[in-house]
Amino acid sequence: MILVSAIVPVLILCLVLSYVLLLWRFFCVRAKLPVLGLRDGLGQVKGKKRWIALWGLLFFLGCFAGEMGNKIWAPNMLMVLNYEEAAKGQNPNVTRFNESNILSDAILEKVIARGGLSISTDQLEDCLTISTRLDAEKLDITQESDLKISTEYWIHCSEKVAFYHTNPKTVLKLLADVYWEDFVMNYAENDSILDLSFDELEGMEYLDVKDYLQMQAYKLKNYLPVYSSESSSFRASESGETFASLSQKISNYIDIELERYEAFALENSLSKNRNTYQSRMQYANHLLETSRKKEMAAYDVRIETINIYNAFMTRFVLIPTYDTDKEFYMSKTKVGVDYFADEAKEHLESATELVEEMEHNAYASDQMKKRQPSANVCAQADERIEELKTELMNLSAQCRELCSTYVKEKRDGYIQVNFASSSASREAVRALLLTLLLVMALGGLTILDPFYQECRRDRVSVPRAKKKKTKKGEGEEVKP
(Lines give C-alpha, C1' and ligand atoms only; values in the text may rest on other atoms or scores of the structure.)
Protein backbone atom coordinates (compact mmCIF):
# COMPACT_ATOMS: atom_id res chain seq x y z
CA MET A 1 0.00 0.00 0.00
CA ILE A 2 2.94 2.33 0.35
CA LEU A 3 3.05 2.46 -3.46
CA VAL A 4 -0.41 4.08 -3.37
CA SER A 5 0.98 7.03 -1.44
CA ALA A 6 3.61 7.49 -4.17
CA ILE A 7 1.09 7.75 -7.02
CA VAL A 8 0.19 11.41 -6.56
CA PRO A 9 3.79 12.64 -5.99
CA VAL A 10 4.89 10.79 -9.15
CA LEU A 11 2.04 12.29 -11.19
CA ILE A 12 2.80 15.76 -9.89
CA LEU A 13 6.46 15.23 -10.80
CA CYS A 14 5.38 14.25 -14.32
CA LEU A 15 3.24 17.41 -14.47
CA VAL A 16 6.20 19.55 -13.44
CA LEU A 17 8.45 17.88 -16.01
CA SER A 18 5.86 18.48 -18.73
CA TYR A 19 5.85 22.20 -17.94
CA VAL A 20 9.63 22.25 -17.87
CA LEU A 21 9.63 20.62 -21.31
CA LEU A 22 6.98 23.09 -22.51
CA LEU A 23 9.08 26.08 -21.40
CA TRP A 24 12.23 24.64 -22.93
CA ARG A 25 10.55 24.11 -26.30
CA PHE A 26 9.00 27.57 -26.15
CA PHE A 27 12.39 29.21 -25.69
CA CYS A 28 13.74 27.08 -28.52
CA VAL A 29 11.13 28.17 -31.08
CA ARG A 30 10.16 31.64 -29.78
CA ALA A 31 12.14 33.35 -32.57
CA LYS A 32 10.31 31.39 -35.27
CA LEU A 33 6.88 31.50 -33.68
CA PRO A 34 4.61 33.58 -35.95
CA VAL A 35 1.29 34.63 -34.53
CA LEU A 36 -0.65 33.63 -37.63
CA GLY A 37 1.17 30.33 -37.79
CA LEU A 38 -0.37 29.21 -34.49
CA ARG A 39 -3.43 28.17 -36.46
CA ASP A 40 -1.49 25.15 -37.69
CA GLY A 41 -0.68 24.26 -34.10
CA LEU A 42 -4.31 24.63 -33.10
CA GLY A 43 -5.19 22.28 -35.92
CA GLN A 44 -2.73 19.78 -34.44
CA VAL A 45 -4.54 20.08 -31.11
CA LYS A 46 -7.89 19.31 -32.73
CA GLY A 47 -6.36 16.28 -34.41
CA LYS A 48 -4.93 14.96 -31.18
CA LYS A 49 -7.77 15.90 -28.84
CA ARG A 50 -8.67 12.26 -28.30
CA TRP A 51 -5.08 11.49 -27.37
CA ILE A 52 -4.98 14.46 -24.97
CA ALA A 53 -8.37 13.52 -23.49
CA LEU A 54 -7.19 9.96 -22.93
CA TRP A 55 -4.08 11.07 -21.10
CA GLY A 56 -6.13 13.58 -19.09
CA LEU A 57 -8.60 10.88 -18.11
CA LEU A 58 -5.83 8.53 -17.01
CA PHE A 59 -4.14 11.33 -15.08
CA PHE A 60 -7.43 12.25 -13.37
CA LEU A 61 -8.17 8.67 -12.37
CA GLY A 62 -4.63 8.22 -11.09
CA CYS A 63 -4.76 11.39 -8.97
CA PHE A 64 -8.22 10.63 -7.60
CA ALA A 65 -7.46 7.01 -6.78
CA GLY A 66 -4.10 7.92 -5.25
CA GLU A 67 -5.55 10.62 -3.01
CA MET A 68 -8.51 8.53 -1.89
CA GLY A 69 -6.39 5.46 -1.28
CA ASN A 70 -3.82 7.44 0.67
CA LYS A 71 -6.45 9.09 2.87
CA ILE A 72 -8.13 5.76 3.56
CA TRP A 73 -4.89 3.91 4.27
CA ALA A 74 -3.13 6.69 6.23
CA PRO A 75 -5.81 9.06 7.62
CA ASN A 76 -5.18 11.81 10.11
CA MET A 77 -6.51 11.16 13.62
CA LEU A 78 -8.29 13.94 15.54
CA MET A 79 -8.06 13.72 19.33
CA VAL A 80 -10.48 16.04 21.17
CA LEU A 81 -10.29 16.64 24.93
CA ASN A 82 -13.91 16.56 26.05
CA TYR A 83 -14.03 17.81 29.63
CA GLU A 84 -14.48 21.20 31.26
CA GLU A 85 -10.93 21.65 32.55
CA ALA A 86 -9.44 21.15 29.07
CA ALA A 87 -10.30 24.73 28.09
CA LYS A 88 -8.03 25.87 30.94
CA GLY A 89 -5.15 23.67 29.81
CA GLN A 90 -5.71 21.24 32.67
CA ASN A 91 -6.35 17.56 33.21
CA PRO A 92 -9.53 16.40 34.96
CA ASN A 93 -7.62 16.28 38.26
CA VAL A 94 -6.67 19.98 37.73
CA THR A 95 -3.01 19.26 36.96
CA ARG A 96 -1.41 20.88 33.91
CA PHE A 97 -2.05 19.18 30.57
CA ASN A 98 1.03 18.51 28.43
CA GLU A 99 0.47 17.52 24.81
CA SER A 100 3.98 16.05 24.56
CA ASN A 101 2.78 13.17 26.74
CA ILE A 102 0.71 11.89 23.80
CA LEU A 103 3.88 10.89 21.93
CA SER A 104 6.10 10.29 24.93
CA ASP A 105 8.51 7.37 25.01
CA ALA A 106 6.47 5.59 27.68
CA ILE A 107 3.32 5.71 25.53
CA LEU A 108 5.15 4.62 22.37
CA GLU A 109 6.76 1.70 24.18
CA LYS A 110 3.29 0.48 25.24
CA VAL A 111 2.05 0.91 21.66
CA ILE A 112 4.90 -1.25 20.34
CA ALA A 113 4.35 -3.87 23.04
CA ARG A 114 0.59 -4.07 22.56
CA GLY A 115 0.77 -4.27 18.76
CA GLY A 116 3.83 -6.51 18.70
CA LEU A 117 5.46 -4.09 16.25
CA SER A 118 8.97 -4.73 14.97
CA ILE A 119 10.04 -1.11 15.31
CA SER A 120 12.03 0.88 17.84
CA THR A 121 10.70 3.79 19.87
CA ASP A 122 12.83 6.33 17.99
CA GLN A 123 11.73 4.98 14.62
CA LEU A 124 8.06 5.14 15.61
CA GLU A 125 8.52 8.66 16.96
CA ASP A 126 9.93 9.75 13.58
CA CYS A 127 6.79 8.46 11.88
CA LEU A 128 4.37 10.36 14.13
CA THR A 129 3.63 14.08 14.16
CA ILE A 130 1.17 16.11 16.23
CA SER A 131 -0.29 19.51 15.40
CA THR A 132 -3.17 21.84 16.34
CA ARG A 133 -5.26 24.37 14.52
CA LEU A 134 -3.48 27.12 16.45
CA ASP A 135 0.01 26.22 15.22
CA ALA A 136 -0.34 28.45 12.17
CA GLU A 137 -1.54 31.44 14.15
CA LYS A 138 0.82 34.08 15.37
CA LEU A 139 0.02 34.52 19.05
CA ASP A 140 1.10 37.59 20.92
CA ILE A 141 2.33 36.13 24.19
CA THR A 142 2.62 39.61 25.72
CA GLN A 143 -1.16 39.90 25.90
CA GLU A 144 -2.79 37.29 28.09
CA SER A 145 -6.23 37.88 26.57
CA ASP A 146 -4.95 36.78 23.17
CA LEU A 147 -3.57 33.47 24.39
CA LYS A 148 -5.52 30.46 23.22
CA ILE A 149 -5.53 26.89 24.48
CA SER A 150 -6.21 24.12 22.02
CA THR A 151 -8.39 21.15 22.91
CA GLU A 152 -8.03 19.47 19.50
CA TYR A 153 -4.91 17.66 18.32
CA TRP A 154 -4.27 16.21 14.86
CA ILE A 155 -1.96 13.19 14.82
CA HIS A 156 -0.50 11.87 11.56
CA CYS A 157 1.42 8.65 10.99
CA SER A 158 3.78 8.62 8.02
CA GLU A 159 3.36 6.05 5.27
CA LYS A 160 6.94 4.89 5.78
CA VAL A 161 5.77 2.94 8.82
CA ALA A 162 4.78 0.28 6.26
CA PHE A 163 8.46 -0.62 6.01
CA TYR A 164 8.10 -2.05 9.54
CA HIS A 165 5.31 -4.45 8.54
CA THR A 166 2.36 -2.40 9.79
CA ASN A 167 0.08 0.39 8.54
CA PRO A 168 -0.57 3.94 9.77
CA LYS A 169 -4.19 3.39 10.80
CA THR A 170 -3.30 0.44 13.03
CA VAL A 171 -0.59 2.48 14.74
CA LEU A 172 -2.99 5.38 15.38
CA LYS A 173 -5.65 3.07 16.82
CA LEU A 174 -3.10 1.51 19.18
CA LEU A 175 -1.90 4.97 20.17
CA ALA A 176 -5.45 6.16 20.94
CA ASP A 177 -6.20 3.12 23.12
CA VAL A 178 -2.92 3.23 25.02
CA TYR A 179 -3.01 6.98 25.64
CA TRP A 180 -6.65 6.88 26.81
CA GLU A 181 -5.87 4.16 29.35
CA ASP A 182 -2.81 6.06 30.59
CA PHE A 183 -4.78 9.32 30.75
CA VAL A 184 -7.62 7.81 32.77
CA MET A 185 -5.21 6.06 35.12
CA ASN A 186 -3.00 9.09 35.84
CA TYR A 187 -5.14 12.19 35.30
CA ALA A 188 -8.82 11.27 35.58
CA GLU A 189 -10.87 11.02 38.76
CA ASN A 190 -9.41 8.25 40.89
CA ASP A 191 -12.22 5.84 41.82
CA SER A 192 -9.95 3.19 43.32
CA ILE A 193 -11.41 4.12 46.71
CA LEU A 194 -14.59 2.33 45.61
CA ASP A 195 -12.69 -0.98 45.58
CA LEU A 196 -13.44 -2.36 49.02
CA SER A 197 -11.45 -5.09 50.73
CA PHE A 198 -12.53 -7.19 53.72
CA ASP A 199 -9.38 -9.23 54.23
CA GLU A 200 -8.73 -7.57 57.60
CA LEU A 201 -12.04 -8.81 59.00
CA GLU A 202 -10.57 -12.28 59.52
CA GLY A 203 -10.22 -12.83 63.27
CA MET A 204 -11.39 -9.29 64.14
CA GLU A 205 -13.42 -8.62 67.29
CA TYR A 206 -17.17 -8.49 66.75
CA LEU A 207 -17.48 -4.90 67.91
CA ASP A 208 -14.46 -3.86 65.84
CA VAL A 209 -16.19 -5.26 62.75
CA LYS A 210 -18.82 -2.55 63.10
CA ASP A 211 -16.15 0.20 63.16
CA TYR A 212 -14.33 -1.31 60.18
CA LEU A 213 -17.47 -1.61 58.04
CA GLN A 214 -18.46 1.91 59.02
CA MET A 215 -15.08 3.21 57.86
CA GLN A 216 -15.49 1.44 54.50
CA ALA A 217 -19.02 2.81 54.11
CA TYR A 218 -17.83 6.37 54.77
CA LYS A 219 -15.30 5.95 51.95
CA LEU A 220 -18.23 5.50 49.57
CA LYS A 221 -20.34 8.23 51.13
CA ASN A 222 -17.54 10.83 51.03
CA TYR A 223 -16.77 10.09 47.35
CA LEU A 224 -20.26 10.81 45.97
CA PRO A 225 -20.51 14.56 46.81
CA VAL A 226 -17.75 15.28 44.27
CA TYR A 227 -20.09 14.37 41.40
CA SER A 228 -23.28 15.46 43.17
CA SER A 229 -22.03 19.05 43.30
CA GLU A 230 -21.47 18.97 39.52
CA SER A 231 -24.83 17.42 38.57
CA SER A 232 -27.21 16.72 41.44
CA SER A 233 -30.02 15.73 39.06
CA PHE A 234 -28.06 13.10 37.15
CA ARG A 235 -29.82 9.73 37.18
CA ALA A 236 -28.61 6.32 36.02
CA SER A 237 -30.74 4.99 33.17
CA GLU A 238 -30.93 1.40 34.42
CA SER A 239 -31.13 1.65 38.21
CA GLY A 240 -32.63 5.15 38.34
CA GLU A 241 -30.30 6.07 41.20
CA THR A 242 -29.03 9.59 41.80
CA PHE A 243 -26.03 10.63 43.84
CA ALA A 244 -28.34 11.86 46.61
CA SER A 245 -30.44 8.68 46.75
CA LEU A 246 -27.36 6.46 46.79
CA SER A 247 -25.79 8.59 49.52
CA GLN A 248 -28.97 8.19 51.57
CA LYS A 249 -28.77 4.39 51.18
CA ILE A 250 -25.24 4.45 52.55
CA SER A 251 -26.36 6.64 55.46
CA ASN A 252 -29.14 4.17 56.26
CA TYR A 253 -26.61 1.37 56.16
CA ILE A 254 -24.41 3.19 58.69
CA ASP A 255 -27.14 4.55 60.98
CA ILE A 256 -29.49 1.57 60.95
CA GLU A 257 -27.88 -1.69 59.85
CA LEU A 258 -24.54 -1.23 61.60
CA GLU A 259 -26.18 0.14 64.74
CA ARG A 260 -28.45 -2.91 64.89
CA TYR A 261 -25.47 -5.19 64.54
CA GLU A 262 -23.62 -3.35 67.33
CA ALA A 263 -26.65 -3.57 69.62
CA PHE A 264 -26.86 -7.33 68.94
CA ALA A 265 -23.15 -7.77 69.72
CA LEU A 266 -23.39 -5.80 72.98
CA GLU A 267 -26.58 -7.50 74.09
CA ASN A 268 -25.09 -10.96 73.63
CA SER A 269 -21.61 -10.05 74.99
CA LEU A 270 -19.92 -11.13 71.75
CA SER A 271 -16.14 -11.23 71.94
CA LYS A 272 -13.45 -13.57 70.67
CA ASN A 273 -11.07 -12.73 73.53
CA ARG A 274 -12.89 -10.85 76.27
CA ASN A 275 -9.85 -10.31 78.53
CA THR A 276 -7.82 -8.75 75.71
CA TYR A 277 -10.78 -6.65 74.63
CA GLN A 278 -11.38 -5.32 78.17
CA SER A 279 -7.72 -4.39 78.58
CA ARG A 280 -7.79 -2.60 75.27
CA MET A 281 -10.88 -0.61 76.24
CA GLN A 282 -9.24 0.45 79.50
CA TYR A 283 -6.14 1.65 77.65
CA ALA A 284 -8.27 3.46 75.08
CA ASN A 285 -10.18 5.25 77.86
CA HIS A 286 -6.89 6.23 79.49
CA LEU A 287 -5.80 7.94 76.25
CA LEU A 288 -9.22 9.52 75.80
CA GLU A 289 -9.14 10.87 79.35
CA THR A 290 -5.79 12.52 78.63
CA SER A 291 -7.22 14.14 75.52
CA ARG A 292 -10.31 15.25 77.47
CA LYS A 293 -8.17 16.95 80.08
CA LYS A 294 -6.28 18.82 77.34
CA GLU A 295 -9.53 20.01 75.81
CA MET A 296 -10.90 21.15 79.17
CA ALA A 297 -7.64 22.93 79.97
CA ALA A 298 -7.86 24.82 76.70
CA TYR A 299 -11.50 25.61 77.48
CA ASP A 300 -10.63 26.94 80.97
CA VAL A 301 -7.82 29.14 79.58
CA ARG A 302 -10.18 30.82 77.14
CA ILE A 303 -12.92 31.31 79.73
CA GLU A 304 -10.35 32.87 82.06
CA THR A 305 -9.14 35.14 79.25
CA ILE A 306 -12.70 36.28 78.57
CA ASN A 307 -13.19 37.18 82.25
CA ILE A 308 -10.03 39.32 82.17
CA TYR A 309 -11.46 41.51 79.38
CA ASN A 310 -12.92 44.84 80.46
CA ALA A 311 -16.70 45.01 80.01
CA PHE A 312 -16.35 48.11 77.84
CA MET A 313 -13.96 46.28 75.51
CA THR A 314 -16.34 43.36 75.03
CA ARG A 315 -19.07 45.48 73.48
CA PHE A 316 -19.71 44.82 69.83
CA VAL A 317 -18.78 47.33 67.18
CA LEU A 318 -21.17 48.52 64.45
CA ILE A 319 -19.67 49.48 61.11
CA PRO A 320 -21.59 51.24 58.30
CA THR A 321 -21.86 48.77 55.40
CA TYR A 322 -23.68 48.25 52.09
CA ASP A 323 -25.18 44.89 51.24
CA THR A 324 -25.36 43.21 47.82
CA ASP A 325 -28.45 45.25 46.92
CA LYS A 326 -26.60 48.49 47.74
CA GLU A 327 -28.74 48.96 50.85
CA PHE A 328 -27.14 50.65 53.84
CA TYR A 329 -26.99 48.80 57.17
CA MET A 330 -24.87 48.61 60.34
CA SER A 331 -22.70 45.49 60.39
CA LYS A 332 -21.80 43.92 63.73
CA THR A 333 -18.08 43.17 63.88
CA LYS A 334 -16.46 40.63 66.18
CA VAL A 335 -13.84 41.68 68.70
CA GLY A 336 -11.13 39.54 70.28
CA VAL A 337 -13.35 38.17 73.05
CA ASP A 338 -15.79 36.78 70.45
CA TYR A 339 -13.06 34.63 68.94
CA PHE A 340 -12.09 33.32 72.36
CA ALA A 341 -15.72 32.42 73.03
CA ASP A 342 -15.96 30.47 69.75
CA GLU A 343 -12.76 28.55 70.53
CA ALA A 344 -13.96 27.76 74.05
CA LYS A 345 -17.19 26.35 72.62
CA GLU A 346 -15.26 24.12 70.20
CA HIS A 347 -13.01 22.72 72.94
CA LEU A 348 -16.01 22.03 75.18
CA GLU A 349 -17.79 20.16 72.39
CA SER A 350 -14.68 18.06 71.71
CA ALA A 351 -14.41 17.20 75.41
CA THR A 352 -18.09 16.20 75.47
CA GLU A 353 -17.62 13.87 72.51
CA LEU A 354 -14.62 12.26 74.21
CA VAL A 355 -16.69 11.65 77.34
CA GLU A 356 -19.42 9.95 75.28
CA GLU A 357 -16.82 7.70 73.63
CA MET A 358 -15.34 6.81 77.00
CA GLU A 359 -18.78 5.90 78.36
CA HIS A 360 -19.40 3.69 75.33
CA ASN A 361 -16.10 1.88 75.83
CA ALA A 362 -16.81 1.39 79.51
CA TYR A 363 -20.27 0.00 78.74
CA ALA A 364 -18.87 -2.40 76.14
CA SER A 365 -16.19 -3.58 78.58
CA ASP A 366 -18.85 -4.23 81.28
CA GLN A 367 -20.99 -6.18 78.83
CA MET A 368 -18.11 -8.56 78.13
CA LYS A 369 -18.13 -9.58 81.82
CA LYS A 370 -21.73 -10.74 81.91
CA ARG A 371 -21.81 -14.12 80.15
CA GLN A 372 -20.17 -16.36 77.58
CA PRO A 373 -22.08 -16.30 74.25
CA SER A 374 -23.37 -19.60 72.89
CA ALA A 375 -22.18 -21.13 69.62
CA ASN A 376 -25.58 -20.45 68.06
CA VAL A 377 -25.31 -16.72 68.85
CA CYS A 378 -21.79 -16.58 67.41
CA ALA A 379 -23.02 -18.29 64.24
CA GLN A 380 -25.81 -15.71 63.93
CA ALA A 381 -23.25 -12.92 64.32
CA ASP A 382 -20.99 -14.43 61.64
CA GLU A 383 -23.95 -14.77 59.31
CA ARG A 384 -24.95 -11.17 59.97
CA ILE A 385 -21.39 -10.01 59.19
CA GLU A 386 -21.51 -11.77 55.83
CA GLU A 387 -24.84 -10.08 55.07
CA LEU A 388 -23.40 -6.68 55.95
CA LYS A 389 -20.37 -7.33 53.75
CA THR A 390 -22.59 -8.35 50.83
CA GLU A 391 -24.80 -5.29 51.25
CA LEU A 392 -21.80 -2.98 51.36
CA MET A 393 -20.34 -4.61 48.25
CA ASN A 394 -23.64 -4.01 46.43
CA LEU A 395 -23.55 -0.36 47.45
CA SER A 396 -19.97 -0.15 46.19
CA ALA A 397 -20.99 -1.68 42.84
CA GLN A 398 -23.89 0.79 42.54
CA CYS A 399 -21.53 3.69 43.28
CA ARG A 400 -19.07 2.56 40.63
CA GLU A 401 -21.84 2.04 38.06
CA LEU A 402 -23.38 5.46 38.72
CA CYS A 403 -20.04 7.29 38.66
CA SER A 404 -18.89 5.46 35.52
CA THR A 405 -22.16 6.26 33.76
CA TYR A 406 -21.82 9.91 34.74
CA VAL A 407 -18.25 10.11 33.46
CA LYS A 408 -19.20 8.40 30.20
CA GLU A 409 -22.27 10.54 29.47
CA LYS A 410 -21.25 13.90 30.91
CA ARG A 411 -17.56 13.83 30.03
CA ASP A 412 -17.92 11.39 27.14
CA GLY A 413 -14.93 9.36 28.23
CA TYR A 414 -12.70 12.46 28.51
CA ILE A 415 -11.28 12.00 24.99
CA GLN A 416 -12.99 11.69 21.62
CA VAL A 417 -11.04 10.13 18.75
CA ASN A 418 -12.06 10.45 15.11
CA PHE A 419 -10.30 9.66 11.86
CA ALA A 420 -10.46 12.27 9.11
CA SER A 421 -12.98 11.09 6.52
CA SER A 422 -11.89 11.49 2.92
CA SER A 423 -14.24 13.70 0.91
CA ALA A 424 -14.66 12.28 -2.60
CA SER A 425 -15.91 15.58 -4.00
CA ARG A 426 -12.98 17.54 -2.60
CA GLU A 427 -10.43 15.05 -3.87
CA ALA A 428 -12.20 14.98 -7.27
CA VAL A 429 -11.94 18.78 -7.54
CA ARG A 430 -8.27 18.67 -6.65
CA ALA A 431 -7.62 15.91 -9.18
CA LEU A 432 -9.59 17.85 -11.80
CA LEU A 433 -7.48 20.98 -11.27
CA LEU A 434 -4.27 18.99 -11.67
CA THR A 435 -5.75 17.36 -14.79
CA LEU A 436 -6.53 20.77 -16.30
CA LEU A 437 -2.92 21.79 -15.76
CA LEU A 438 -1.78 18.62 -17.52
CA VAL A 439 -4.18 19.18 -20.43
CA MET A 440 -2.88 22.74 -20.80
CA ALA A 441 0.69 21.45 -20.84
CA LEU A 442 -0.12 18.76 -23.42
CA GLY A 443 -2.00 21.29 -25.53
CA GLY A 444 0.94 23.66 -25.42
CA LEU A 445 3.35 20.90 -26.42
CA THR A 446 1.05 19.93 -29.30
CA ILE A 447 0.86 23.53 -30.53
CA LEU A 448 4.62 23.97 -30.37
CA ASP A 449 5.41 20.57 -31.86
CA PRO A 450 5.41 21.58 -35.61
CA PHE A 451 7.58 24.60 -34.88
CA TYR A 452 9.89 22.56 -32.70
CA GLN A 453 10.26 19.88 -35.40
CA GLU A 454 10.99 22.57 -38.01
CA CYS A 455 13.58 24.08 -35.69
CA ARG A 456 15.23 20.67 -35.32
CA ARG A 457 15.30 20.17 -39.10
CA ASP A 458 16.89 23.58 -39.56
CA ARG A 459 19.52 22.76 -36.99
CA VAL A 460 20.33 19.52 -38.79
CA SER A 461 20.34 21.04 -42.33
CA VAL A 462 22.65 23.95 -41.46
CA PRO A 463 25.63 21.78 -40.49
CA ARG A 464 25.15 19.63 -43.63
CA ALA A 465 25.12 22.70 -45.90
CA LYS A 466 28.25 24.03 -44.26
CA LYS A 467 29.93 20.67 -44.68
CA LYS A 468 29.10 20.49 -48.41
CA LYS A 469 30.31 24.04 -48.94
CA THR A 470 33.61 23.25 -47.26
CA LYS A 471 34.18 20.18 -49.43
CA LYS A 472 33.37 22.16 -52.54
CA GLY A 473 35.87 24.88 -51.62
CA GLU A 474 38.61 22.34 -51.07
CA GLY A 475 37.99 20.82 -54.51
CA GLU A 476 38.41 24.19 -56.30
CA GLU A 477 41.76 24.78 -54.67
CA VAL A 478 43.14 21.44 -55.85
CA LYS A 479 42.05 22.00 -59.47
CA PRO A 480 44.68 24.70 -60.51
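Note that the numbering runs from 1 along the sequence shown for the chain.
Of the possible polar contacts, none joining the Ser228 side chain to the Ala244 backbone as a donor-acceptor pair under 3.5 Å is found. Checking side-chain atoms of Tyr83 against main-chain N and O of Gln90 turns up a donor-acceptor pair under 3.5 Å. Within the 3.5 Å criterion, the main-chain N or O of Thr242 finds a donor-acceptor partner in the side chain of Ser245. When atom types are taken as modelled, the side chain of Tyr253 and the backbone of Leu388 share a donor-acceptor pair closer than 3.5 angstrom. A distance-only check finds a donor-acceptor pair linking the side chain of Asn186 to the backbone of Asp182 [under 3.5 Å]. Not one N or O on the side chain of Ser104 forms a donor-acceptor pair closer than 3.5 Å with the backbone of Ser100. Put simply, the side chain of Glu386 never gets that close to the backbone of Glu383: no donor and acceptor are under 3.5 Å apart. Under a 3.5 Å cut-off, the side chain of Gln216 and the backbone N or O of Ser197 do form a donor-acceptor pair.
Between Leu81 and Ala86, the shortest heavy-atom contact is CB-CB, 3.7 Å. Summarising the geometry of Asn273 relative to Glu205, their closest heavy-atom pair is N-OE2, 3.1 Å, with the distance given to 0.1 Å. Of all the heavy atoms in Leu196 and Ser396, the pair that sits closest is CD1-CB, 3.8 Å. Scanning all heavy atoms of the two residues, the minimum distance from Thr129 to Leu103 falls at C-CD1, 4.3 Å. The shortest non-hydrogen separation linking Ser158 to Pro168 is O-CG, 3.8 Å. Across every non-hydrogen atom of Ala87 and Ile149, the tightest pair is O-CD1, 3.6 Å.
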CA sep, side-chain torsions, deciding dist, call: Ser18, Leu437, side-chain contact (heavy atoms from CB on, under 4.5 Å): CA-CA 10 Å; Ser18 63; Leu437 293 176; over 6 Å; no
Stepwise side-chain contact (heavy atoms from CB on, under 4.5 Å) test for Leu175 and Ile107: CA-CA 8 Å; Leu175 176 64; Ile107 297 296; 3.6 Å; yes
side-chain contact (heavy atoms from CB on, under 4.5 Å) evaluation trace for Glu391 with Glu387: CA-CA 6 Å; Glu391 186 176 354; Glu387 292 175 355; over 6 Å; no
Pair Ile193-Leu220, side-chain contact (heavy atoms from CB on, under 4.5 Å): steps then yes or no: CA-CA 8 Å; Ile193 196 172; Leu220 305 180; over 6 Å; no
From CA spacing to verdict: side-chain hydrogen bond (donor to acceptor under 3.5 Å, both in side chains), Asn167, Thr170: CA-CA 6 Å; Asn167 62 77; Thr170 300; 2.9 Å; yes
Worked verdict on Lys249 versus Glu241 for salt bridge (charged side-chain N to carboxylate O under 4.0 Å, His left out): CA-CA 10 Å; Lys249 283 186 176 182; Glu241 294 286 352; 2.5 Å; yes
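Here Arg400 pairs with Asp191, Asp195 under the salt bridge (Lys or Arg N to Asp or Glu O under 4.0 Å) rule; sequence neighbours left out. Residues satisfying the salt bridge (Lys or Arg N to Asp or Glu O under 4.0 Å) test with Lys345, not counting sequence neighbours, are none.
Between Tyr223 and Leu194, some side-chain heavy-atom pair lies under the 4.5 Å cut-off. Contact of the Ile415 side chain with the Val80 side chain is not registered, since no non-hydrogen atoms from C-beta on lie closer than 4.5 Å. In this structure, the side chains of Leu402 and Tyr406 stay at 4.5 Å or more apart for every pair of heavy atoms. Between Asn76 and Ile155 there is no side-chain heavy-atom pair separated by less than 4.5 Å. The shortest distance between side-chain heavy atoms of Met77 and Met79 falls below 4.5 Å. Put simply, the side chain of Leu213 does not reach to within 4.5 Å of the side chain of Tyr261, judged on heavy atoms. The closest side-chain heavy-atom distance from Leu128 to Leu172 is below 4.5 Å. With a 4.5 Å cut-off on side-chain heavy atoms, Leu270 and Leu207 do not count as touching.
Rounding to the nearest 0.5 angstrom, the gap separating the CG atom in Leu78 from the NE2 atom in His156 is 14.5 Å.
With hydrogens and angles left out, the side-chain atoms of Asn91 and Thr95 include a donor and acceptor closer than 3.5 Å. Between the side chains of Asn252 and Gln248, at least one donor N or O lies within less than 3.5 Å of an accepting N or O. No donor-acceptor contact under 3.5 angstrom links the side chains of Glu353 and Ser350, judged on distance only.
The aromatic rings of Tyr153 and Phe97 lie tilted to each other, with the angle between the two planes from 30° to 60°. The aromatic rings of Phe243 and Tyr227 sit parallel, their planes meeting at an angle under 30°, below the 60° perpendicular limit.
Counting only residues at least two apart or in different chains, salt bridge (Lys or Arg N to Asp or Glu O under 4.0 Å) contacts with residues 207-228 comprise Asp208-Arg280, Lys210-Glu259, Lys210-Glu262.
Within a 6.0 Å sphere centred on CD of Glu200, other residues, nucleotides and ligands contribute 12 heavy atoms or fewer. Residue Lys294 places its NZ atom among 12 or fewer non-hydrogen atoms of other residues, nucleotides or ligands, all under 6.0 Å distant. Atom CE of Met185 has 12 or fewer neighbouring heavy atoms from other residues, nucleotides or ligands inside a 6.0 Å radius. Heavy-atom neighbours of Tyr212 OH from other residues, nucleotides or ligands within 6.0 Å: above the threshold of 12.
Using a 4.0 Å cut-off between a side-chain N of Lys or Arg and a carboxylate O of Asp or Glu, Glu85 and Arg96 do not qualify as a salt bridge. Note on Arg114 versus Glu109: no salt bridge recorded, every NZ/NE/NH1/NH2 to OD/OE distance being 4.0 Å or above.
In this structure, Lys272 is positioned above the aromatic face of Tyr206, its NZ or CZ under 6.0 Å from the six-membered ring centre and within 45° of the axis.
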